[in-house]
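For the numbers below, each heavy atom of this structure counts, side chains included, while hydrogens, waters and symmetry mates do not.
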2 protein chains.
Amino acid sequence: MQNTTLKKIAETMGCSISTVSRALKHHPDISVKTREKVLELAAILDYEPNAFAVHLRTKHSKLIGLLVPAISNHFYESFISSVEEESRKNGYSLMILQSANDPDIESDNLRLFRQNRVTGLFACITADTTDLRHYNKMKELDIPVVFFDKVPEEKGLNKVCLADERAAFIAAEAITQAKKTKILALFGDPKLSITQKRRDAFERYIHKNNKGASIDLVFAKNSAEAETDTYKALEKTKKPDVVFCMSDELLLGAMKAIRQKQINIPRELGIITISNGFIPSLYYPEITYVETSGYKLGKLAFTQLMACLSGQPPLQELFVESSLVEGGSL
Amino acid sequence: MQNTTLKKIAETMGCSISTVSRALKHHPDISVKTREKVLELAAILDYEPNAFAVHLRTKHSKLIGLLVPAISNHFYESFISSVEEESRKNGYSLMILQSANDPDIESDNLRLFRQNRVTGLFACITADTTDLRHYNKMKELDIPVVFFDKVPEEKGLNKVCLADERAAFIAAEAITQAKKTKILALFGDPKLSITQKRRDAFERYIHKNNKGASIDLVFAKNSAEAETDTYKALEKTKKPDVVFCMSDELLLGAMKAIRQKQINIPRELGIITISNGFIPSLYYPEITYVETSGYKLGKLAFTQLMACLSGQPPLQELFVESSLVEGGSL
DNA sequence: AATATTCTCGCAATCGTTTGTAATTTTTTT
DNA sequence: AAAAAAATTACAAACGATTGCGAGAATATT
């Protein structure tokens, strides 16, 4: 069956299309009597405005693009969920694409977003994104981009991030207060600025406030690498007394190694991570973590995008604060 | 900056819009020479077809709707991820909305899908969905709907589901083969049909093939309940020698109790669950599970939808088979 | 050389809305 | 009652792309 259109309503009512259109949006030009009739008829015929026609005409797509590395990820999930919620509340639809951490797919997706004339875009860049041309093209087309989580280094972009330094700082503080000195620190891809920031903050704090502590610094690209690296570290004669993981992914790997070696937490070894809290709650004792909420980040990103859309874009880098959540692992 | 349009290209080339349009899609009517020129110019001007205009004209939206209870869910995530992947490969965009298990939001969302003239729809109904009118409206508009996971009872609908009975059956089989006889079986909300199906299949198999085995049947609404219930069961004098969980959520609770009691797996106690595999892999030893893959379900759903779109709709209920994935927990 | 055939390309309608402006009707004013 | 003002509705041009049809130019046929 065909969809009801303004034309169909107009014809069955015996009036013009524009009258119908205006009546439906309570335009003062239309008399109450006709408006009522139109509204009634529209309800009967189940009229649903054709979003494509509306967007084509108004040039306002009410569509927001969202680019994440992967949907199946415990952090992005909560971000997505939160953004979807806000979008729907504000009458926007969401177009979600995954880059799979591949710059080629990323640029394909950005093209798709452009073709769909998204009103705005949330983007999390891949580890290998070096070419920002596609993003710049968005700017040329007046499509505001709010980068989140993994953001480019460039200045003058809208970014919302977890307070990476702060989170690492808090973790380092907790380790220091727990009087741990032999630290195994697991970080992710060293190319990413998030890694650099967390690492810097972590080392700075430890060197300044935890004199005599040693840091065994390891970069692991994924969970499996984290596992082997942790395993190796635990076989050394000078075993660590605490493990710091900068992400859930690394925590998973580290915990597997720890379980294999049957090491008791927290008696023999402390562990702390940066997380949104889901994974840490799976273990017993629960893992102490510095909270970084994808949910909050999503809310913040949305506000930021709305600000861009409705006025002068406040080009700036915003942060979601972190806090320590005590499990029993430290 | 404005987007490049066919008109702009036509004007700078000094030819008509239709020529440009045809040249861009390699229409035989257009000479190679002009085609080349158009292509070149389009590349320079960064032409991106306006999806709205295309869809309005062609009446083919290349947009697929996806309705899930929640994005932040370890099962739907993989489903979404899989569907997104297929969609992109096939030139479709995805519009994802969450129902939050609320029938009102569900119907709002269905309206949104209609307004956006989705080409097809994947839907997982809420636990309280009784009114299928909104879905029937889709059918009237020739929008095929593929229900997945939680599907309506009605006949004559496209459904793709996990083989709930089979999964429980396989788990029961594995338990029997492992010669376990004192079974603690954790099931979810007894109101849900999925619970009933799994329970029936499980009990039937055990009673028939594992003579002398006893089943301690427990219904737990969430992870916390599963934890207390498991804890209690482990304190009884007649301890279970195996735990069966019908879902990841229950597994998480059970494992916490087991960890607290410092019980060795698999030496003192076996455990098996039904899962998509993520949570089981977090433990050491990894948990043996019957796989129910959201990923595979997504692939199946997509194929089903494509079939509906490209010919006679094969109204039918399809199932994703389950298989046993051996961890070291049994 | 005249006609037929094939190549190229442009015209114009269309998809379903929105919206400025003009036209018509009704009401008010004098 | 005639003119002015206000209220109501219709007309028509966009938005950007697609596509059937026809026109003109180039080539082929006799």
Side-chain angles (χ1 to χ4, degrees), chain A residues 1-39 41-42 45-63 91 112 114-119 141-142, chain B residues 1-39 41-42 45-63 91 112 114-119 141-142:
Chain A
M1 197 186 74
Q2 279 302 305
N3 256 298
T4 323
T5 65
L6 290 186
K7 194 175 170 187
K8 200 182 290 179
I9 297 181
E11 278 168 3
T12 60
M13 268 223 15
C15 70
S16 80
I17 295 177
S18 48
T19 303
V20 178
S21 172
R22 290 191 168 102
L24 285 174
K25 33 182 67 67
H26 291 65
H27 192 288
D29 268 10
I30 305 299
S31 70
V32 181
K33 204 168 24 161
T34 37
R35 188 214 293 160
E36 296 297 316
K37 271 205 288 187
V38 169
L39 253 26
L41 196 54
L45 294 181
D46 252 335
Y47 171 73
E48 307 266 14
N50 183 320
F52 295 135
V54 174
H55 298 161
L56 176 59
R57 172 64 219 233
T58 62
K59 299 214 165 197
H60 194 309
S61 72
K62 284 275 179 183
L63 219 202
L112 262 176
R114 262 179 277 126
Q115 293 191 353
N116 280 281
R117 304 292 192 267
V118 292
T119 304
L141 295 171
D142 301 316
Chain B
M1 197 184 75
Q2 280 300 305
N3 256 300
T4 334
T5 66
L6 289 186
K7 192 175 171 188
K8 201 182 291 180
I9 297 181
E11 278 168 1
T12 60
M13 268 223 15
C15 70
S16 81
I17 295 178
S18 47
T19 303
V20 178
S21 171
R22 290 191 170 101
L24 285 174
K25 32 182 68 66
H26 291 67
H27 191 289
D29 267 11
I30 305 298
S31 70
V32 181
K33 206 171 17 164
T34 36
R35 188 213 295 158
E36 296 297 316
K37 271 205 287 187
V38 170
L39 253 27
L41 197 53
L45 295 181
D46 252 333
Y47 171 73
E48 308 266 12
N50 182 320
F52 295 135
V54 174
H55 298 161
L56 176 59
R57 173 62 221 239
T58 61
K59 300 218 165 193
H60 196 308
S61 72
K62 284 275 177 182
L63 217 202
L112 261 176
R114 263 179 276 125
Q115 293 190 353
N116 280 281
R117 303 293 191 268
V118 292
T119 304
L141 295 170
D142 301 315

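In this structure, of dT17(C), dC15(C), dA17(D), it is dT17(C) that holds the atom nearest to the side chain of Thr5(A). In the set dG10(C), dA10(D), dG16(D), dG10(C) carries the atom at the smallest distance from any side-chain atom of Ser16(B). Comparing atom distances between the Arg22(A) side chain and each of dC15(D), dT8(D), dG20(C) picks out dG20(C) as nearest. Side chain of Thr19(B), nearest nucleotide from dC9(C), dT19(C), dG16(C): dC9(C). You'll find that the side chain of Ala53(A) is closest to dT17(C), out of dC15(D), dA17(D), dT17(C).
Within a 6.0 Å radius of NZ in Lys37(A), other residues, nucleotides and ligands contribute 12 heavy atoms or fewer.
An OP1 or OP2 oxygen of dG16(C) is reached within less than 4.0 angstrom by no side-chain nitrogen or oxygen of Ser21(A). The phosphate of dC9(C) (OP1 or OP2) has a side-chain N or O of Thr34(B) nearer than 4.0 angstrom. Taking only side-chain nitrogens and oxygens, Lys25(A) never comes nearer than 4.0 Å to OP1 or OP2 of dT17(C).
Per the geometry, CG belonging to Asp29(B) stands 14 Å off P belonging to dG22(D), to the nearest Å. To the nearest angstrom, C1' of dC9(C) lies 14 Å from CD1 of Ile17(B). Taking atom NE2 of His60(A) as the reference point, atom C1' of dT17(C) lies 16 Å away to the nearest angstrom. dG20(D) atom C1' lies 14 Å from atom CD1 of Ile30(B), rounded to whole Å. Regarding Leu6(A), its CG atom lies at a distance of 12 Å from the P atom of dT19(C), rounded to whole Å. Atom P of nucleotide dC11(D) and atom NZ of Lys7(A) are separated by 13 Å, given to the nearest angstrom.
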Contacts table for residues 19-32 of chain B: side-chain donor-acceptor under 3.5 angstrom, sequence neighbours left out:
| residue | atom | partner | partner atom | Å |
| --- | --- | --- | --- | --- |
| Thr19(B) | OG1 | Ser16(B) | OG | 3.0 |
| His27(B) | ND1 | Asp29(B) | N | 3.0 |
| Ser31(B) | OG | Thr34(B) | N | 3.4 |
| Ser31(B) | OG | Thr34(B) | OG1 | 2.7 |

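Counting heavy atoms from C-beta on, the side chains of Ile9(B) and Leu45(B) come closer than 4.5 Å.
Interface remark: the Arg117(B) side chain does not form any donor-acceptor pair with the dG16(C) base, using a distance-only criterion of under 3.5 Å. For dC11(D), the base has a donor-acceptor partner in the side chain of Ser18(A) [N/O atoms by modelled type, under 3.5 angstrom].
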### Task
Tell me, with the steps shown, if Leu41(B) and Thr12(B) meet side-chain contact (heavy atoms from CB on, under 4.5 Å).
CA-CA 9 Å; Leu41(B) 197 53; Thr12(B) 60; 3.2 Å; yes

